[in-house]
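Take a look at the structure set out below.
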There are 2 protein chains.
Amino acid sequence: MKRNIYLDTVPMDEAVAKVRALLDRHALIGTETVPTHEATGRVTAEAVYARLSSPTYHSAAMDGIAVCAERTFSAREDEPLRLAPGEFVPVNTGNALPKGMDAVIMIENVVMNADGTASIEAPAFPWQHVRRIGEDIVATELLIPQNHELNAYDIGALLSAGIWELSVRERVRACFIPTGDEVLDFHDRPEPRPGQVVESNSQVFVSLARAWGIDARRVPPVPDRPEALTAAVTQALASDAHIVVIGAGSSAGAKDYTRSIMESVGTVLVHGIKAMPGKPSLLGVADAAHGGKLLVGAPGYPVSAVVCFEELLAPLAAWLEGRVRGRRRTVEVELTRRVPSKLGMEEFLRVSIGHVGGKHVATPLSRGAGMITTMTRAQGICRIPVNSEGVDQGEHLRAELLVPEEALERTLVTVGSHDNTIDLLADALMGLENPIRIASTHVGSMGGLMAVKNGSCHMAGTHLFDPETGDYNFPFIKKYLPDMDTVLVNLAVRHQGLIVAAGNPKGITGVADLARDDVRFINRQRGAGTRILLDWHLSQAGIAPSSVAGYDKEEFTHMAVAVNVLTGAADCGLGIMAAARALGLDFAPLARERYDLLIPRACLDDPRVQAVLALIKTEDFRTRIEALGGYETALTGQIMTPGLPLP
Amino acid sequence: MKRNIYLDTVPMDEAVAKVRALLDRHALIGTETVPTHEATGRVTAEAVYARLSSPTYHSAAMDGIAVCAERTFSAREDEPLRLAPGEFVPVNTGNALPKGMDAVIMIENVVMNADGTASIEAPAFPWQHVRRIGEDIVATELLIPQNHELNAYDIGALLSAGIWELSVRERVRACFIPTGDEVLDFHDRPEPRPGQVVESNSQVFVSLARAWGIDARRVPPVPDRPEALTAAVTQALASDAHIVVIGAGSSAGAKDYTRSIMESVGTVLVHGIKAMPGKPSLLGVADAAHGGKLLVGAPGYPVSAVVCFEELLAPLAAWLEGRVRGRRRTVEVELTRRVPSKLGMEEFLRVSIGHVGGKHVATPLSRGAGMITTMTRAQGICRIPVNSEGVDQGEHLRAELLVPEEALERTLVTVGSHDNTIDLLADALMGLENPIRIASTHVGSMGGLMAVKNGSCHMAGTHLFDPETGDYNFPFIKKYLPDMDTVLVNLAVRHQGLIVAAGNPKGITGVADLARDDVRFINRQRGAGTRILLDWHLSQAGIAPSSVAGYDKEEFTHMAVAVNVLTGAADCGLGIMAAARALGLDFAPLARERYDLLIPRACLDDPRVQAVLALIKTEDFRTRIEALGGYETALTGQIMTPGLPLP
């Protein structure tokens with residue numbers, strides 16, 4: 001039994017066009033009169049004509065004296081003209097010109113004599129330094145056309161023209177209804193149990209919508225019961241909202257009631273868009289009895305919801321009110337990795353962008369629709385078109401920026417092994433007078449070496465132990481980056497060991513315990529320095545990986561490994577002491593190792609890299625590292641050379 | 001006596017740097033704890049670490065059945081595996097995985113049998129369609145560094161991580177004090193008398209500042225008396241504002257007290273910047289006794305004030321709170337006219353920008369600092385650097401956009417003679433389903449022909465009468481654009497005549513009256529069709545221009561001419577009936593003439609031009625034209641050919 005849950009998915013622009021064709025926006029969005037000084041960001045409902053001219057009178061444009069120009073024509077430098085009181089009148093900027101006078105001479109060019117006369121050394125020409133009536137605004141002229149979004153300057157012009165209030169379109173109002181038995185209201189500050197999640201899409205929507213000039217609000221979550229959902233939707237439709245957004249339940253699962261509820265109050269126009277994330281979006285229009293309002297079913301996954309908000313709801317809301325919607329700024333980026341994409345779907349690829357070696361490099365982040373942190377960590381979004389099967393490594397494409405372009409110049413790109421000291425560094429760099437943002441992607445030490453090789457990062461965290469030489473990193477650099485000039489700087493010496501549950505109930509003390517039947521391990525991904533370390537210890541102990549239960553279950557960070565142990569999903573994993581300590585877990589030490597920063601020499605003079613090197617040498621930063629536990633800082637900030645023993 | 005009123009003007013970045021070096025922002029801007037859901041746009045005061053993981057449990061990523069992957073390995077398409085109840089559990093997206101299960105099979109790939117078993121045709125691999133603990137967020141990890149401006153996505157991540165409140169920097173608060181004996185408070189809805197102006201800079205500031213995330217307010221205007229000004233400034237310094245802005249009085253005239261008042265409460269760091277407009281800006285820091293607050297003296301002219309706000313105050317406010325300030329988007333433009341500029345001053349040239357013939361053309365607007373409409377009419381600003389003496393016609397430079405880049409594609413550029421029907425057109429085009437904004441520059445008919453020739457507009461309004469042939473426009477097009485393929489479309493036939501005061505007190509009925517001693521004329525600029533018409537009528541009547549009082553006083557639009565008559569600055573001027581009627585003036589008809597739109601054939605298929613041609617053929621638009629008075633629409637919308645008589 002195969003079910004096709006979406007009857008006909010459509011491209012996003014088509015989805016928007018469908019609604020525009022069938023929703024009567026002029027009936028939905030009314031007009032209102034607002035005071036001009038509160039009208040910034042509003043859209044005019046009708047043309048505005050000036051009521052007053054500006055200036056309303058011939059006005060002195062400078063401080064000085066007003067004169068009749070004709071009477072000054074004889075003034076010369078070698079034969080100054082003396083003007084009697086009455087032939088000139090002192091004026092300040094903005095004063096009305098006295099009757100019969102048509103020019104102003106700047107005070108700097110006038111000598112006031114003791115007898116009350118004034119001497120000038122040059123004639124004035126007519127209308128010199130005079131702002132004439134209507135120079136800026138002429139009464140009755142068209143000041144602002146209809147359907148214009150008023151900016152701050154417009155407010156200045158309107159007030160100058162004597163327009164105290166004006167007719168504008170209503171602000172678009174939206175109501176978001178979160179749904180789901182499993183979702184908790186963040187207002188209750190809940191502690192979620194397994195199966196429960198803190199609902200946040202509603203607030204992401206409210207925050208985005210406010211930035212778009214939408215008057216948005218949310219209601220508390222409604223459980224997955226048709227009658228409760230219907231009541232909530234009906235109530236929202238009866239309110240003053242022009243748009244009702246139903247959060248989650250937009251797919252076609254057993255508890256996905258959104259479509260049927262939309263059908264009970266109106267017409268569903270779109271169910272399913274050709275976009276990833278964002279596919280299970282719903283658009284509809286309420287019946288006339290329900291005000292002909294816009295109905296939106298937003299997907300439950302946070303990134304899908306964002307796509308629905310930004311690509312469907314935002315353009316429709318802008319159109320409802322009559323705004324021009326500015327798109328995000330774009331930059332050309334070079335993709336650091338191949339990204340396959342599903343034909344027939346437009347993909348919104350979140351990327352970490354940095355300016356490295358004269359170009360913008362973009363590293364794809366995780367593609368899961370459930371990961372809101374891919375939006376918070378991304379500097380941009382690349383759209384992979386519907387008709388594309390993917391993008392190759394090194395290919396150039398446009399990225400829409402989620403940050404100001406200026407922020408990219410302040411972004412330091414690190415790709416490689418993750419360590420908690422990188423988080424410390426990320427925070428400390430943001431505390432500088434000129435803050436630097438770290439964009440880090442965790443791909444393991446080997447991935448970091450490759451990123452350095454490809455010129456796609458400013459530095460890479462690496463802790464690759466070479467059993468043959470007993471050295472760290474250099475043997476790998478020599479092997480994989482033979483022709484590249486790099487610098488290796490130590491960030492810390494750290495303790496790796498087995499992270500086990502608090503109290504170590506299974507008595508795990510070394511790699512030998514990993515072969516036990518009752519011990520479930522959680523591994524790190526291939527290429528991770530920690531994985532290489534494990535493999536070496538296993539081989540030293542003569543244990544085959546296949547005899548370790550869970551060897552094939554991989555996580556990408558120390559913290560993720562620790563969380564597996566905390567929740568009982570695994571009994572132990574190899575990781576750093578800081579990760580165990582952060583979650584209150586126990587730790588069986590296995591090895592000390594060097595965690596270094598590999599820097600292409602071409603990047604060494606980069607001010608961002610220099611800021612890192614200066615920062616990690618400070619006493620304050622070393623103290624913060626040591627406070628994490630399981631770290632030593634004797635080498636921190638020092639340039640490493642091959643064969644250096646651990647202190 | 002020459003006075004140098006600014007002791008040392010400095011470039012703007014230097015002015016900002018001076019304040020940054022001497023103002024203790026950490027002492028000035030405190031921190032506060034706010035609920036996370038209200039924190040959008042705020043700047044973190046410290047690092048935020050995740051409290052909860054997300055998800056907090058292994059979670060079904062799809063609707064379907066949860067299984068133990070190991071138990072499904074034998075399933076094949078030709079040999080489906082039947083799972084007994086207990087071997088599988090139905091799950092919806094977001095449900096916790098039951099104990100012992102580690103994979104989800106999508107409901108579409110499951111056959112539910114009548115006996116309660118479930119059949120599958122393919123094995124599940126471990127963790128398939130499962131969102132694992134901490135996939136998005138791992139408890140204790142760094143979620144947001146310090147000094148980060150929180151966006152909507154961050155709010156989602158913070159709530160998911162169980163962060164209900166967080167420490168942020170205070171919003172920057174600013175208080176604006178308008179000053180001047182001549183300024184009127186717009187709240188009073190005043191009717192200004194000569195010498196009075198409606199104060200609006202304070203509200204322009206408040207509107208701009210709110211968009212920058214500043215909590216801004218204004219107080220009522222304070223008269224130019226030192227004690228009143230000191231009281232107002234002291235009161236503002238005692239309030240919770242971090243920045244006190246004093247509007248106007250920043251220059252060095254007789255009533256410019258701002259500098260001395262700033263010196264009485266603190267230190268003036270900058271008086272005068274190398275910028276036009278904007279020069280008379282003041283920056284200072286209040287004494288510790290006054291909270292070490294930022295003091296700003298903003299110039300009185302509206303465009304100077306805007307430059308002060310945007311170039312000095314905005315970057316300082318962003319720095320105070322620790323924000324990255326995004327700059328405006330820029331496009332490359334080709335300048336349509338030569339613009340000389342003063343060496344030693346950076347000039348902010350307001351330009352009207354349109355996309356014509358595959359490039360962005362920028363027409364400079366008036367340069368007066370007193371004209372706020374140059375900001376409302378501009379699509380962009382070109383900076384002419386300090387060390388430049390100007391920019392040549394045809395030169396390419398960057399323009400900072402004041403509108404979304406998308407808006408340029410919706411902008412129709414008209415350059416030429418002004419007519420009230422162009423205003424009607426501007427409003428009507430904004431009423432289309434896809435609104436079009438007219439960017440019009442009034443340079444007279446001949447100026448319009450030159451703009452068409454240079455490819456710097458989509459169309460030009462022209463009404464050039466050729467006495468020799470009795471024809472309109474064609475003889476001039478033939479002479480000045482001999483090689484250009486153009487189309488001439490009539491917009492209206494209009495009545496030109498002498499605009500005189502209501503009741504025509506001086507009994508002016510024809511050109512013969514212009515030679516009278518008691519009649520003061522107001523003329524149009526050289527190249528204006530109306531001026532050419534006047535010259536022809538004067539020559540027909542045998543009147544020398546030199547015998548017309550006021551022949552040398554020029555205005556650029558019909559409305560400006562009419563305003564001169566309305567205010568008594570002149571007794572009459574030649575113009576269109578609509579202008580007289582709009583201001584309640586009388587009108588002595590002189591001639592009927594054709595007002596045509598000249599369109600380069602290359603622009604004829606442009607959708608914006610097509611929209612104009614479609615619009616002016618509508619009955620509704622013709623009715624609006626005729627309602628202005630003094631217009632006939634028999635030819636409106638028709639393509640003109642040489643020698644066509646007036647209807």
Side-chain angles (χ1 to χ4, degrees), chain A residues 1-3 37 40 47 56-57 63 92 94 96 108 111 131 133-134 136 138 140-142 145-147 152-157 159-160 164 182 186 189 192 194-195 198 200 203-204 207-208 253 255 302 324 326 370-373 375-376 404 407 423 426-427 430-431 435 559-560 563 567 582, chain B residues 1-3 37 40 47 56-57 63 92 94 96 108 111 131 133-134 136 138 140-142 145-147 152-157 159-160 164 182 186 189 192 194-195 198 200 203-204 207-208 253 255 302 324 326 370-373 375-376 404 407 423 426-427 430-431 435 559-560 563 567 582:
Chain A
M1 186 193 80
K2 307 247 173 185
R3 293 193 310 163
H37 64 278
T40 319
T56 54
Y57 56 93
D63 293 343
N92 286 316
E108 294 92 311
V111 176
R131 297 183 62 223
I133 296 168
D136 192 4
V138 177
T140 80
E141 78 176 340
L142 175 74
Q146 62 180 313
N147 288 327
Y153 318 132
D154 293 327
I155 302 303
L159 291 175
S160 299
W164 315 125
E182 77 288 8
F186 60 79
R189 304 191 168 202
V198 180
S200 59
Q203 191 58 40
V204 171
S207 297
L208 286 173
K255 290 161 92 181
V324 177
M371 298 175 70
I372 187 70
T373 53
M375 293 300 303
T376 63
D423 285 359
D427 184 53
M430 284 297 285
M559 290 305 299
V563 165
T567 58
Chain B
M1 186 193 77
K2 307 247 171 184
R3 293 193 309 163
H37 65 277
T40 320
T56 53
Y57 55 95
D63 294 343
N92 286 317
E108 294 93 312
V111 175
R131 297 183 62 222
I133 295 166
D136 191 6
V138 177
T140 80
E141 78 176 342
L142 176 75
Q146 63 180 311
N147 288 327
Y153 319 131
D154 293 327
I155 302 304
L159 292 175
S160 299
W164 316 125
E182 78 287 8
F186 60 78
R189 305 192 167 200
V198 181
S200 59
Q203 191 58 39
V204 171
S207 297
L208 286 172
K255 291 160 92 181
V324 177
M371 297 174 74
I372 187 68
T373 52
M375 294 299 302
T376 63
D423 285 357
D427 183 52
M430 284 297 286
M559 289 307 298
V563 165
T567 58

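Of the listed residues (B:S200, B:G195, B:A560), the greatest number of heavy-atom pairs within a distance under 4.5 Å of chain A belongs to B:G195. Taking chain A as the reference chain and counting heavy-atom pairs below 4.5 Å, the highest number among B:P435, B:P404, B:G134 is found for B:P404. Most heavy-atom pairs under 4.5 Å with chain A, from the set B:L159, B:V198, B:V324, B:V204: that is B:L159. Between chain B and the residues A:P194, A:G94, A:A96, the most heavy-atom pairs under 4.5 angstrom are made by A:P194. Between chain A and the options B:V563, B:V138, B:I155, the largest number of non-hydrogen pairs under 4.5 Å is found for B:V138.
Between atom CG of residue A:D136 and atom OG1 of residue B:T376 there is a gap of 7.5 Å, rounded to the nearest 0.5 Å. Remark: A:T140 OG1 to B:M559 CE distance equals 2.5 Å, nearest 0.5 Å. Distance check, rounded to the nearest 0.5 Å: CD of A:E141 to OG1 of B:T373 gives 7.0 Å.
For A:R189, the parts lying near chain B are the backbone and the side chain together; criterion is any non-hydrogen pair under 4.5 Å. Heavy atoms of B:P302 lying under 4.5 Å from chain A are absent altogether. Interface residue B:T40: only side-chain heavy atoms are found under 4.5 Å from chain A.
Considering all non-hydrogen atoms of both residues, B:N147 and A:G431 come closest at ND2-CA, 3.7 Å. Closest approach of B:G370 and A:R131 over heavy atoms only: O-NH2, 3.0 Å. Contact record, B:I372 with A:A157: CG2-CA, 3.7 Å, taken as the closest heavy-atom pair.
Without hydrogens or angle criteria, A:Q146 side chain to B:D427 main chain gives a donor-acceptor distance under 3.5 Å.
With a 4.5 Å cut-off on side-chain heavy atoms, B:L208 and A:Y153 count as touching.
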